[in-house]
Amino acid sequence: MDPSQYADLFLTESREHVSAMNQWLLQLEREGAAGSAEPVSAIFRAVHTVKGMSATMGYAAVAELSHELETLLDRVRRGELAVNAELMDLLFRSADVLETSIEGAVAGRAVPMDDVMRRLRAFGESRPSPAAPLPERSDEPNEWTAPLPVGSGMLVRVRLQPETPLKGVRAFLVVQALRRLGDVIVVSPPVSSLQAEQFGHDFALRLVTTVGEAEIDRVARGAGDVVAVQIGEPGGAPRSAAAPEPRLSRAEPVVSPATAADSLALGVARLAQKEPPSVTVPNAAAEAAEATGVRQSRHVRIDLRRLDSLMNLIGELVITRGRLLQISTGLEDPALADSVTQASRLIGDLRDEIMTSRMVPVWQIFDRFPRLVRDASRALGKRIEFTIDGKDIELDRSMLDEIGDPIVHLLRNAIDHGIESPEERVAAGKPAAGKLRLSAARDRSAVMIRVSDDGKGIDRDRVLAKAKATGLIDPNKTSLNDDELLRIIGRPGFSTAERVTDLSGRGVGIDAVYTRVRALGGAVDIRSAPGQGTTATLRLPLTLAIVRALLARVADEVYAIPLTHVSETVELQDAALRTLQGREVLVLRSDVLPVLRLRALVGLGQRAAVAGQPNEQVIIIDLPDRRVGLVVDELGGQQEIVVKQFDGVKDGLTFFGGATILGNGSPALIVDVSSFP
Amino acid sequence: MSHTVLICDDAIFMRTMVGDILSQAGFEVVGEAETGVQAVEKYKQLKPDLVTMDIVMPDMGGIDAVREICKHDPQARILMCSAMGQQALVVEAIQAGAKDFVVKPFQPSRVLEAVQRVLG
């Protein structure tokens with residue numbers, strides 16, 4: 001059997017367990033020793049499951065680490081170790097290393113873990129060590145080493161395979177099997193030692209029975225992992241004096257094996273009859289099971305790739321729908337139009353259903369943030385109350401995978417630069433613990449993710465000084481409004497950080513967040529009030545795959561502009577065009593916007609002036625930090641488009657975020673407005 | 001007719017793997033359970049020829065599930081799935097009525113041997 005085929009499953013499930021582990025660790029830390037029972041056993045279970053899975057996959061390092069961790073947790077569970085800061089620290093650390101070792105194992109990388117292994121083994125070493133296990137007797141696997149038991153009955157010696165797993169239990173099974181043949185008088189080493197694996201490969205016992213040697217041999221071997229059975233005194237040596245021949249009286253309780261087995265079975269059967277299935281309990285249990293059964297049947301695990309391919313198919317179908325609608329409108333056949341409308345509605349419903357099936361709640365990534373906030377605030381000596389709202393808000397799976405990093409960035413920024421140290425806060429008349437809130441909310445067809453803190457706010461004077469120094473802004477300006485602030489801090493590479501911290505990285509400011517969110521078709525907004533805090537809002541479309549777009553035509557070519565950033569369209573009046581510092585600008589009401597011409601972007605010449613042709617159109621594009629007017633020849637209405645990503649972006653395609661097939665079957669490029677200069 | 005099996009383990013990974021090993025050997029996996037309570041209920045429902053039972057599971061653990069199943073059907077044939085270091089628990093499970101055990105990491109040959117012993 002090739003375990004590699006289970007690697008995906010292993011990874012998914014292990015991640016879930018590590019995530020659960022972190023959740024429980026946080027709870028354990030909050031509740032301390034008093035409420036430790038539930039978290040500790042939940043963590044133990046998670047670690048234990050990871051251990052079993054990793055061992056099966058052959059990931060020895062992961063298995064070893066989880067084994068050490070499990071051993072430690074078991075001692076905590078039994079109350080041998082106190083839940084204190086030192087222990088928590090080690091447990092958190094172990095969870096991290098466990099996570100990286102899991103990822104590493106699947107990727108075929110070795111992950112260093114000596115340090116944490118040493119700490120796990122050494123933790124609380126001063127404890128009274130439990131009775132030191134006897135050195136394992138790994139004597140010659142082919143020799144009989146167990147001392148011969150003294151007593152009546154037939155001597156039976158059993159040797160197990162050298163590599164028998166859990167040999168103590170196996171020995172116990174053998175003894176139990178032989179007990180069914182008669183009376184086991186004595187076992188050497190004693191059963192307790194066998195169970196504790198304090199023996200080599202063999203053990204011996206004395207059995208009083210009426211069955212023959214062949215049967216004893218068969219039964220002993222039938223218990224599994226037995227390589228040799230020797231019945232009778234070795235080398236015909238005289239029995240020890242203390243082991244007289246079984247006297248009849250001694251043998252008297254011996255019943256025939258069949259009878260013994262029967263009476264045992266009967267006993268059990270009687271036991272079962274004595275307790276007829278009570279009416280209430282099983283029913284209650286059955287109801288509970290039925291309830292869980294119903295709940296279970298609602299969930300099926302589906303390979304993500306299958307959902308992706310469903311999404312692709314429905315995308316094609318949506319395109320075909322557009323085409324069908326167009327054709328049927330042209331034909332003006334009422335019966336056809338009816339059917340097409342009907343089909344069109346069904347396709348729309350189907351698309352909604354498929355999109356919904358791809359939605360996952362944001363807690364899937366939010367759940368790891370409490371741990372991150374805890375670690376970061378500790379590292380910086382800050383006190384933070386972290387809350388999460390809207391955990392159940394759902395986003396398309398593909399989107400969710402992408403927004404983790406930007407959120408981490410915002411949280412770290414808030415902890416590092418936003419929230420002050422407890423002393424500073426108290427001096428400023430605020431509570432010593434800062435508030436940090438992460439929330440998700442649905443807003444029509446978008447999801448808003450918000451990170452807000454009650455810290456000192458963005459230092460506008462510093463941003464202003466820095467912006468002047470780097471020539472980003474008019475040197476005579478004395479203050480910044482929110483929009484200007486947003487525009488400046490969103491510039492690639494802009495940062496006011498004085499020192500490099502582990503947390504926010506080296507000089508990478510909020511621009512990293514901007515870039516990523518824009519690439520997802522979303523927008524970032526940041527509001528900050530001095531002394532009161534900062535709120536960053538990410539506005540994200542629900543999915544990456546299907547968007548509404550405005551179609552625009554230049555010459556004979558059609559382009560699609562996602563509606564996410566389109567605020568309005570206006571007809572281009574010559575009077576509204578000006579030239580400012582050598583650049584074309586558009587005066588729109590009280591605003592002056594830079595103008596871009598789609599013709600120029602796609603390498604077409606100016607439109608030939610033809611008398612009577614309609615004016616060009618301007619699409620006003622709203623980006624978080626600026627507005628731009630995009631001049632096109634003609635508008636072509638709105639349409640739902642299915643985004644097909646380019647495999648590789650070639651030179652000259654910088655302004656395009658992908659391609660799509662329009663309702664009439666012709667291809668169109670999708671303009672990526674966020675990439676505009 | 002092939003033997004029917006009920007697989008009880010809280011990890012899908014383990015259920016999948018044990019399920020694959022057994023179905024490739026011609027067994028019919030008739031059910032899966034994630035918790036001890038489910039294991040008992042599904043046993044009563046499905047009356048499988050064989051049960052594979054993980055020891056550590058949420059709500060009711062594997063050992064209690066063995067006890068419950070054997071109370072309901074003393075002839076139940078249950079194979080414990082354990083990890084290294086669980087000697088005491090496996091012994092307890094056997095005393096509760098389990099017939100044999102296998103130790104993770106599972107090797108298909110060992111699993112099948114143990115299954116044969118349990119069914120034999």
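Every chain is numbered from 1, with letters handed out A, B, ... down the list of sequences.
When atom types are taken as modelled, the side chain of B:Gln87 and the backbone of A:Val169 share no donor-acceptor pair closer than 3.5 angstrom. Panel note: side chain B:Glu113, backbone A:Gly224; no donor-acceptor pair is recorded below 3.5 Å.
The distance from atom OG1 of A:Thr164 to atom CZ of B:Arg110, rounded to the nearest 0.5 Å, is 6.5 Å. For the atom pair CG of B:Asp10 and NE2 of A:His17, the computed distance is 6.0 Å after rounding to the nearest 0.5 Å. Note that the CD atom of A:Gln176 and the CD atom of B:Gln95 stand 7.0 Å from one another [nearest 0.5 Å].
Interface remark: A:Gln195 contributes backbone and side-chain atoms alike to the contact with chain B (heavy atom separation under 4.5 Å). Proximity to chain A involves both the backbone and the side chain of B:Val91, based on heavy atoms less than 4.5 angstrom apart. Interface residue A:Leu173: only side-chain heavy atoms are found under 4.5 Å from chain B. At a 4.5 Å heavy-atom cutoff, the contact between B:Ser82 and chain A is made by side-chain atoms alone.
Ranking B:Thr16, B:Val40, B:Val102 against chain A, the residue ahead of the rest is B:Thr16, based on heavy-atom pairs under 4.5 Å. Annotation: maximal heavy-atom pairing with chain A below 4.5 Å, among B:Asp9, B:Asp73, B:Thr35, B:Ile12, occurs at B:Ile12.
Between A:Ala55 and B:Pro105, the closest heavy-atom pair is O-CB, 3.0 Å. Residue A:Ala223 comes nearest to B:Asp100 through the heavy atom pair O-OD2, 4.0 Å, listed as atom of the first residue, atom of the second, then distance. Here the shortest heavy-atom pairing between B:Lys104 and A:Gly52 reads CD-CA, 3.7 Å. Of all heavy-atom pairs spanning A:Met53 and B:Ala11, the tightest one is SD-CB, 4.0 Å.
Between A:Arg45 and B:Asp54, none of the side-chain N atoms (NZ, or NE/NH1/NH2) sits under 4.0 Å from a carboxylate O, so this pair counts as no salt bridge. Salt bridge status for A:Asp225 with B:Arg117: absent, with no side-chain N to carboxylate O gap under 4.0 Å.
In this structure, the side chains of B:Met17 and A:Phe10 stay at 4.5 Å or more apart for every pair of heavy atoms. Under the 4.5 Å side-chain criterion, counting only non-hydrogen atoms from C-beta, B:Phe13 is not in contact with A:Thr12.
When the shell of 6.0 Å around CZ of A:Arg78 is examined, it contains more than 12 heavy atoms from other residues, nucleotides or ligands.
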